[in-house]
Amino acid sequence: MIDHVGIRVSDFERSKRFYQAALAPLGYELMMEFDGAAGFGADGKPDFWIGPSLGASTSAIHVAITSADRRAVDAFYAAAIAAGGRDNGKPGVRAEYHPTYYGAFVLDPDGNNVEAVCHAAV
């Protein structure tokens, strides 16, 4: 299941205003903003992000896949690196997102930022 998607924008403030207006009829609102990124969503969960970059990646696309548990995040990271992916964030807790956010990031062969994430506490 897709957990969230992020795109790069050339003018953050202009794009933030655009998406606030364009997504409002769909029930989306600006839910979170930090480090030059803005998360839009509905029902308490931001799942569409904009920003000049998302994490250390300079790629245009960021996609995060929901994982059932932290072991699966670790396995994703190991398999992706073994398959030729490049490290963009080793598995670990990202408390800046929320206290139980556990994710790992790899760049695919084209430089897209792919993440596996588990939101469970353990």
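Worth knowing before you read on, the calculation uses all heavy atoms, side chains too, and leaves out hydrogens, waters and symmetry mates.
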Can you tell me how far CZ of Phe40 sits from CG of Leu23, rounded to the nearest 0.5 angstrom? 6.5 Å
In Å and rounded to the nearest 0.5 Å, what is the CG to CG distance from Asn88 to Leu107? 4.0 Å
Look at the side chain of Arg70 and the backbone N and O of Gly103, then say whether any donor-acceptor pair between them is shorter than 3.5 Å. no
Membership question, hydrophobic clusters at under 4.5 Å side-chain separation (ILVMFWY): are Leu26 and Ile50 in the same one? yes
Hey, does Gln20 have a side-chain heavy atom less than 4.5 Å from the side chain of Tyr28? no
If you compare all heavy atoms of Phe76 against all heavy atoms of Ala116, which two are closest, and at what distance to 0.1 Å? CD2-CB, 3.3 Å
Tell me whether Ile65 shares a hydrophobic cluster with Val73, the cluster being built from Ile, Leu, Val, Met, Phe, Trp, Tyr side chains joined at under 4.5 Å. no
Verify the cluster assignment for Met31 and Val9: are they in a single hydrophobic cluster under the rule of side-chain heavy atoms below 4.5 Å apart? no
How far does CG of Asn113 sit from CZ of Arg86, to the nearest 0.5 angstrom? 10.5 Å
Looking at CZ of Phe48 and CD1 of Ile7, how far apart are the two atoms once the value is rounded to the nearest 0.5 Å? 4.0 Å
Please identify which of these residues, Phe18, Phe12, Tyr19, meets the side-chain contact (heavy atoms from CB on, under 4.5 Å) condition with Lys16. Phe12
Between CD of Glu115 and OH of Tyr101, what distance do you get to the nearest 0.5 Å? 3.5 Å
Pairwise side-chain contact, Ile2 with Thr66, heavy-atom cut-off 4.5 Å (strictly under): no
After noting the C-alpha distance and the side-chain angles of Glu33 and Trp49, does the key distance pass the side-chain contact (heavy atoms from CB on, under 4.5 Å) rule? CA-CA 9 Å; Glu33 186 173 351; Trp49 289 84; over 6 Å; no
For Ala68 versus Cys118, what's the shortest heavy-atom pair and its separation? O-SG, 4.1 Å
Examine distances only and state if a side-chain atom of Asp69 and a backbone atom of Arg71 form a donor-acceptor pair shorter than 3.5 Å. yes
Do the side-chain N and O atoms of Asp47 and His4 include a donor-acceptor pair separated by under 3.5 angstrom? no
Could I get the full list of side-chain hydrogen bond (donor to acceptor under 3.5 Å, both in side chains) partners for Tyr102, not counting sequence neighbours? Asp74
Nearest atoms (heavy-atom pairs only) where Gly27 meets Ala42: O-CB, 3.5 Å
Going hydrophobic residue to hydrophobic residue with side-chain gaps under 4.5 angstrom, can you get from Val117 over to Met32? yes
With the 4.5 Å side-chain cut-off for hydrophobic clustering, are Phe34 and Val93 part of the same group? no
Residues Pro46 and Gly39: closest non-hydrogen pair is CB-C, 3.8 Å
Start with the C-alpha gap between Lys45 and Asp43, add the side-chain angles, then the distance that decides, and say whether salt bridge (charged side-chain N to carboxylate O under 4.0 Å, His left out) holds. CA-CA 6 Å; Lys45 184 182 182 306; Asp43 302 322; over 6 Å; no
